[in-house]
Number of protein chains: 2
Amino acid sequence: MQDLLFEFISKYISLSNDEKNALLSLDLFRSVKKGTVLLKEGQNSKESYFVLKGCIRTYYVMEGEEKTTAFYTEMEAFTPPCVINKTPSENYISCLEDSLLLVSNSEMEEEVNSKFPKFDIMCRMFSEELLAKQRIDFDEFKTSSPEQRYLNLLQNRPDLIQRVPQYQLASYLGMKPQSLSRLRARILEKKS
Amino acid sequence: MQDLLFEFISKYISLSNDEKNALLSLDLFRSVKKGTVLLKEGQNSKESYFVLKGCIRTYYVMEGEEKTTAFYTEMEAFTPPCVINKTPSENYISCLEDSLLLVSNSEMEEEVNSKFPKFDIMCRMFSEELLAKQRIDFDEFKTSSPEQRYLNLLQNRPDLIQRVPQYQLASYLGMKPQSLSRLRARILEKKS
DNA sequence: TGTATTTCTTAACTTAAGTGAACGAGTTGA
DNA sequence: TCAACTCGTTCACTTAAGTTAAGAAATACA
């Protein structure tokens with residue numbers, strides 16, 4: 001499992017054995033059961049997550065309704081905005097499947113980064129990359145219709161459609177569950 | 001004008017006079033006329049932008065139509081995804097008003113960062129902050145209706161509604177110009 | 001295994017956004 | 001100054017999403 005982590009890191013920087021051991025000594029690995037809530041609205045958290053195996057989702061509760069806005073699966077990372085802004089969280093994070101995560105703490109990160117400036121460079125590269133990726137996702141979302149967004153998802157992340165309940169997919173795609181259901185029926189109709 | 005830059009930077013790190021001079025010697029300031037196209041679809045660019053004064057916008061051309069996805073105004077920065085991914089650009093960037101920009105080059109940035117690791121830390125902090133901000137914007141977009149998105153914009157960035165043509169605002173809000181026009185009329189109606 | 005709960009689908013109806021077209025105000029440029 | 005454009009608005013019509021409700025299907029769990 002550690003290999004996955006080092007393989008990921010090697011895309012950005014190369015690590016000495018010393019550095020690898022320093023990382024491992026931080027005891028970042030955490031195994032989490034399906035349904036576990038990692039963060040609640042109103043909490044002050046300093047934790048960032050990296051998914052080695054499984055899936056976590058972020059959602060808001062608005063007028064009693066869950067609005068899912070993102071899923072993070074294998075080799076994806078998420079730092080909640082509340083950690084960056086040092087404000088109470090506006091959303092929830094929960095585990096969609098039994099998962100294996102890396103959980104890091106922003107204070108500990110700072111400490112490590114100051115000891116190994118290399119990590120700082122990696123974090124910069126990684127967050128620049130995420131920023132660009134998220135920008136493209138956002139642009140695609142803005143410029144397409146709900147139906148087109150579903151078709152895009154089918155293309156780009158077919159796994160999500162399998163592993164995620166439909167009512168969560170719906171708000172992820174910016175619509176109501178009933179609309180997603182209808183839209184899927186419409187697409188099947190068209191095909192035949 | 002340099003003061004604005006240094007004031008901005010001071011939110012993240014503190015600079016010695018040496019470092020300030022190193023920055024200034026890079027000759028980053030560029031004054032740009034309204035309508036200037038800074039980046040075209042298909043181009044390979046290495047430029048990042050920081051707006052000191054004025055406004056730039058990013059847009060796609062899809063089936064002959066412009067789809068505006070973002071505006072950047074005073075003290076906001078933008079690095080096109082194509083610079084990060086080293087791929088041809090999918091979108092355009094143009095100047096909405098006569099503007100004063102900081103234009104930096106990714107190669108030059110790397111050089112400066114390796115000379116002044118402090119800059120690297122600043123870039124990491126800044127892009128983490130942008131990532132969190134953009135995440136919140138994206139979530140807000142997903143979870144609201146077109147009308148609600150317009151009302152939110154009215155709250156959060158009333159300046160944009162003044163300085164940006166409506167047909168560009170429309171696609172920024174994920175709808176057609178006619179819909180925005182109608183929706184505005186509807187809101188006025190409600191108020192009275 | 002059977003019951004309770006959650007999730008998905010369907011349907012009828014309402015509301016809002018997309019589409020195509022026309023018009024007027026404002027701007028640009030020959 | 002006048003013709004050509006651009007931009008915003010309005011309108012009639014179409015299409016799709018929101019809403020409410022009901023029932024079927026799948027899942028959880030006692």
Side-chain angles (χ1 to χ4, degrees), chain A residues 33-37 55 57 59-68 71 92 94-98 141-154 160-192, chain B residues 33-37 55 57 59 61-68 71 94-98 141-154 160-192:
Chain A
K33 276 258 161 291
K34 172 175 178 172
T36 307
V37 176
C55 180
R57 74 181 242 268
Y59 60 98
Y60 296 74
V61 175
M62 293 166 144
E63 293 150 32
E65 256 186 63
E66 281 186 13
K67 305 263 191 175
T68 299
F71 301 100
Y92 295 76
S94 89
C95 242
L96 220 99
E97 308 167 352
D98 290 352
F141 194 95
K142 273 189 184 172
T143 56
S144 24
S145 67
E147 179 169 335
Q148 196 54 56
R149 294 201 285 261
Y150 175 75
L151 292 171
N152 288 341
L153 193 67
L154 210 52
L160 271 193
I161 295 181
Q162 297 311 316
R163 65 208 286 197
V164 169
Q166 211 137 308
Y167 73 99
Q168 291 174 10
L169 269 185
S171 50
Y172 178 68
L173 293 169
M175 64 183 110
K176 303 286 161 181
Q178 297 92 319
S179 299
L180 178 54
S181 185
R182 171 171 44 196
L183 173 162
R184 280 158 51 95
R186 198 165 62 216
I187 289 171
L188 280 178
E189 194 67 21
K190 278 184 197 164
K191 273 195 194 157
S192 59
Chain B
K33 277 257 161 292
K34 173 178 177 170
T36 307
V37 176
C55 180
R57 75 183 240 266
Y59 60 98
V61 175
M62 293 165 145
E63 294 151 32
E65 255 185 65
E66 281 186 13
K67 306 263 191 175
T68 299
F71 300 101
S94 89
C95 243
L96 219 97
E97 307 168 352
D98 290 351
F141 194 95
K142 273 188 183 172
T143 56
S144 26
S145 66
E147 179 168 332
Q148 196 53 55
R149 294 201 285 261
Y150 175 76
L151 292 171
N152 287 341
L153 193 68
L154 210 53
L160 271 193
I161 295 182
Q162 296 309 317
R163 65 210 285 199
V164 169
Q166 211 138 310
Y167 72 99
Q168 291 174 11
L169 269 186
S171 50
Y172 178 68
L173 293 169
M175 65 183 107
K176 303 284 161 185
Q178 296 94 316
S179 299
L180 178 54
S181 186
R182 172 172 41 196
L183 172 163
R184 279 158 51 94
R186 199 165 61 217
I187 290 170
L188 280 178
E189 194 66 22
K190 280 184 196 166
K191 273 196 195 156
S192 60

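Proteins come first, then strands; the chains are lettered A, B, ... in the order of their sequence lines, and each starts at number 1.
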Practice item. Would you confirm whether Ser171(B), through its side chain, and Gly174(B), through its main-chain N or O, come within 3.5 Å as a donor-acceptor pair? Key: no
Check your understanding: At their closest point, which heavy atom of Pro146(B) faces which heavy atom of Met175(B), and how far apart are they?
Key -> O-CE, 3.7 Å
Point to revise | Nucleotide nearest Gln178(B) (side chain, heavy atoms from C-beta), chosen from dC8(C), dG18(C), dT19(C) | key: dT19(C)
Exercise for review: Report which part of the nucleic acid Arg184(A) touches: base, sugar-phosphate, or nothing (heavy-atom distance under 4.0 Å, all strands).
Suggested key: sugar-phosphate
Revision key, fill the gap. Outermost contacting nts on DNA chain D, any atom under 4.0 Å from chain B heavy atoms, listed 5' then 3', are dC7(D) to dT10(D)
Exercise for review: For Arg182(B) and for Met175(A), find the nucleotide of DNA chain D with the closest heavy atom, then tell me which residue's nucleotide is more 5'.
Suggested key: Arg182(B)
Review point. How long is the line joining NZ of Lys34(A) and P of dT6(C), in whole Å?
Key: 14 Å
Review point. Roughly how many Å is it from CD in Glu66(A) to C1' in dT7(C), rounded to a whole number?
Key: 13 Å
Exercise for review: Give Pro146(A) one of three labels, base, sugar-phosphate or nothing, depending on what nucleic acid heavy atoms sit under 4.0 Å from its own.
Suggested key: sugar-phosphate
Review point. Which whole-number value in Å describes the distance from Gln168(A) CD to dT6(C) C1'?
Key: 12 Å
Check your understanding: Separation of Glu147(A) atom CD from dG18(C) atom C1', in whole Å?
Key -> 13 Å
Check your understanding: Are any non-hydrogen side-chain atoms of Ile161(A) and Tyr150(A) less than 4.5 angstrom apart?
Key -> yes
Check your understanding: Looking at Phe141(B), is Arg149(B) sitting on its ring face, NZ or CZ under 6.0 Å from the six-membered ring centre and within 45 degrees of the normal?
Key -> yes
Exercise for review: Considering non-hydrogen atoms only, spot the tightest contact between Asp98(B) and Lys34(B) and give its length.
Suggested key: OD1-N, 2.7 Å
Point to revise | Minimal non-hydrogen separation, Leu96(A) against Gln168(A), with atom names | key: CD1-OE1, 3.2 Å
Practice item. Write down the distance between CZ (Arg186(A)) and P (dA11(C)), rounded to a whole number of angstrom. Key: 15 Å
Review point. Taking Arg57(B) for the side chain and Phe71(B) for the main chain, is one N or O donor matched with an acceptor at less than 3.5 Å?
Key: no
Review point. Just how far, in rounded Å, is C1' of dT10(C) from CG of Leu180(A)?
Key: 14 Å
Review point. Within the structure, does a side-chain N or O atom of Ser179(B) lie under 4.0 Å from either OP1 or OP2 of dG18(C)?
Key: yes
Revision key, fill the gap. Taken to the nearest whole Å, CG/Leu169(A) to C1'/dT9(C) is 16 Å
Check your understanding: What integer distance in Å separates Tyr167(A):OH from dC8(C):C1'?
Key -> 12 Å
